[in-house]
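Working notes, structure below.
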Amino acid sequence: MTRILSNRMNILYLMIAAFLAVLPFVYDSRSLLILLSQVFIFAVLAMSYDILLGYTGIVSFGHAMFFGIGAYTVGVFMKRFEPETSYFLLAVVVTIVLTAVVSYIVGLLTLRLKSHFYAMLTLAFAGLFLVLAEKWRTVTYGNDGFTFRVPEFLRDRTDFYLICLASMVVVFILLKRFTNSPLGKVLQAIRENEQRTESLGYSVLQYKIIASVVSGVLAGIAGILYAVSLRFVNTSVFTMDITLDALLMTIIGGVGTLVGAIIGAGIIEFSHHWLTELAKVHWIFERWIIFFGIIYILVVMFFPMGIVGSLKKLKFSRKKKDSVPVKSETVSQGD
Amino acid sequence: MDVLINLSLNGLATGMLIFLLAAGLTLIFGLMDVLNFAHGGLFAWGAYSGIWIYTATGSFLVGIIGAILTGMLLGILTERWIIKPVYGNHVQQILITLGLMLVLSEMLKVVWGPNQISASTPSYLSGSWEVGGVIIIKYRVFIIAVGLAVFLAVQYVLKKTKIGLVVRAGVMNKEMVQSLGINIQKVFMLVFMIGAGMAALGGMLLGPYSGVIHADMGMEFAILAFIVVVIGGMGSFSGSVMAAILVGLSGSFMAYYVPDLALAANMLLMAVVLIFRPQGLFGAKG
Amino acid sequence: MSTLLKLDHVETFIGQYHILQGVTFEVPKGEVTVLLGRNGAGKTTTLRTIMGLNHASKGSVSFKGEEIKDLPTYTIANKGIGYVPEDQGIFAGLTVEENIKVAIKKENEETHERLDWILNLFPDLKKFWKKPGGLLSGGQKQMLSIARAYVNENELLLIDEPSKGLAPIIVEKVMESIQQMKDKTTIILVEQNFMMASTIGDSFYIIDDGRTVSNGSMNVLREDEEMRRKYLGIA
């Protein structure tokens, strides 16, 4: 039953991907292409965040650090060396290595801690990277940042659009497989009940570190694409705003679903675009983030599963109307 | 000598402002197990509302009172509407208080505009004294005095009154406190309200100190306050004052001698403490 | 004799675990009712359910004829139920004095009398009056916890395994004190130590797998070796 259902969903995903792939050839709008490219890039970032928040139940406030590492690595390589494919690929490899090493070390140091501490510590680590980017002026040019040229194959907007789309699709498929693998199941078990997973003999810390490395590397990839799309990088890639974007997208779209992260990225990026346009009509729209802040709070409070999760649940409960709803009760016990 | 004294006073004053923010955070955490990521928002709201009232009425004192009341009101609403519905779920708490932080900061820009606002020192607190050839700025001394007074008052309440006893007992064992017939929800609300009031007072005092206030000051100071809460030991009130002074002083001296490393040094200190001594440098509670 | 507390088919979940699956018993006023059963049978959860620390999803808990199942813990406590938890629940950082002070609802003649009485029973507490509760020995913590529950005019005391982890000589001391309190208040005692249970108890209920399976007068159980072996694993 679920197999047929998931097959049907796969066909739907495939159709949407195909539609998006032919879109630039039938509907030529430069601004739409740019906007959609942003959506794909942030979808990768949001999916990487979902691995932590949705699948492992870890709240990180430092996701921007991996995004920023990717953005700066590609920027520095393109600026310092030649904007050629070989150097670009080298930048990708360096990003992967750097984000993997950083996420491993940060994870090793922090994932033993309880959730609040972890959130705070990641906030601090991201802050350190921000300070580093501001102060290491010889490389980063500080707050002002720098522009750079990109290799030939990334220059055409349509090509870049397709690369972003492909990246998103590949990351989606990889993460789907990852979360459905035995390893992914252990992560979800950790989210549900950490102590029980530990007592079943799994080393929770190791699994959490794996999740953090996978998530960190993918966020780095998103950072590369982001910097290439702007052909410019400055310290904003390390700010809390990037982490907040990932959070809003994942939460509003729906945690623990991957598709939710993509939908969330679409909603946030499109609304950002439109509401900024509307700011010409009324200044209140300049503060568009406030709407999302409020929606975000309401979602966390009333629909902790987000859009996708809530739809799934609705479908589920319609099908199993007469079954007894399982009420999960939080047990508060003093530790 | 001149420099040393001024750096120390500067550090102490900053430390006291961080303390006002961190004290509420640490008490709320100790009692309710809630790390309020929106606490910096209350700090910024205290600054804006207080300076606004001060400018409108011309009385600095009225401004301070207004800031504290605004903070307390926002504190009650936050506890009721934001924290209580997700009580007991850590992940939801972290997420929701961060969302509130976002909304509070943006709301400031909606109400008072996105630009920074200048704040002046009242005439009776501006200027300086000269003591033995050293110039001492009055307002800094004022901040230190207010911070100390708040510390002593809260310390007195915690040590000498029944409600303080209940709060201390609640930090140690919430279930038992309830089993003794005490409505811990009411205590939560009271502590949250007072913590929010202290944060708002800190924000208000910062205004004339730095000369301008802006909507992002909440997050900047909140990060320092988090560092203090960690170093002082989560839930330890007296630890928070020591750590705040430490962070204030180190910030002040570092900013003078090695400005590039000031913030980084504090963050590194927090990271090291969290990793090697998660109960804090001064805290007894694990 | 009137019934002070009555549990009727109480069921309690902790998370997804169905811990209590039907606990029914009555506590007559002025008596000591002992809850017996193996480890993990649900005795502690029964006490916690009475206190409202775990919520009963089904059944009824009535105290002096009033349903208290859905009330918050502090209200239940204020109706006159004192609780001595298994881990004693001592506030480690507070002194002995403060531990007792935090429990006192209204300071008056009555509480002073009760306090004096219980401190005479446990002179150790007087000796360590200004010491932090965390520094007390296991037996002294038990005494402090009992004193704290007793100091208010509670009509019912729930005492969870007071003998656990204590040296035999201390167990005797604690037992003696509970016996002395018997005249003044009603007690539900969870106890594994059968010697203690049978000395103090008036009647017993056996809980097994979250259900009350047997009950009667303590005298009956003293004679019935078969039942003791079956449910308690002792002869």
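A note on names: the letters A, B, ... follow the listed sequences, proteins ahead of strands, and every chain is numbered from 1.
Between A:Glu194 and A:Lys208 there is a side-chain heavy-atom pair separated by less than 4.5 Å. Under the 4.5 Å side-chain criterion, counting only non-hydrogen atoms from C-beta, A:Leu244 is in contact with B:Leu98.
In this structure a side-chain-to-backbone donor-acceptor pair under 3.5 Å is missing from B:Trp112 to B:Tyr48. Side-chain atoms of A:Gln188 come within 3.5 Å of backbone N or O of A:Gly184 as a donor-acceptor pair. For the pair B:Thr26 (side chain) and B:Val229 (backbone), a donor-acceptor distance under 3.5 Å is absent.
Contacts between B:Met107 and chain A at a heavy-atom distance below 4.5 Å involve backbone atoms as well as side-chain atoms. Proximity to chain B is limited to the side chain of A:Ile251, based on heavy atoms less than 4.5 angstrom apart. Both the backbone and the side chain of B:Lys109 come within less than 4.5 Å of a heavy atom of chain A. For B:Leu95, the parts lying near chain A are the backbone and the side chain together; criterion is any non-hydrogen pair under 4.5 Å. Only the side chain of A:Leu53 comes within contact range of chain B, with heavy atoms under 4.5 Å apart. With a threshold of 4.5 angstrom between heavy atoms, B:Ile82 approaches chain A through its backbone and through its side chain. When heavy atoms are compared at a cutoff of 4.5 Å, A:Leu247 approaches chain B solely by way of its side chain, counted from C-beta outward. B:Leu102 touches chain A through its side chain: at least one heavy atom from C-beta onward sits under 4.5 Å away, while N, CA, C and O do not.
Per-residue heavy-atom pair counts under 4.5 Å with chain B were compared for A:Val131, A:Leu128, A:Leu130, and the maximum is reached by A:Leu128. Put simply, of A:Gly293, A:Ala124, A:Gly57, the one with the most heavy-atom pairs under 4.5 Å next to chain B is A:Ala124. Taking B:Val103, B:Thr97, B:Val86, B:Ile96 one by one and counting their heavy-atom pairs under 4.5 Å with chain A, the maximum is reached by B:Ile96. With chain A as partner, the option from B:Val34, B:Leu104, B:Val91 having the largest number of non-hydrogen pairs under 4.5 angstrom is B:Val91. When the candidates A:Phe292, A:Phe125, A:Tyr296, A:Phe291 are compared by the number of heavy-atom contacts under 4.5 Å with chain B, A:Tyr296 comes out ahead.
Ring planes of A:Phe270 and A:Trp274: tilted class, angle from 30 to 60°. Note on ring orientation: taking the six-membered ring where Trp is involved, the planes of A:Phe117 and B:Phe29 are perpendicular (angle over 60°, cut-offs 30° and 60°). Relative ring orientation between A:Tyr207 and A:Tyr202 is described as perpendicular, the plane-to-plane angle rising above 60° on a 0-90° scale split at 30° and 60°.
Between A:Glu192 and A:Lys185 there is no salt bridge, since no side-chain N of the basic residue sits under 4.0 Å from a carboxylate O of the acidic one.
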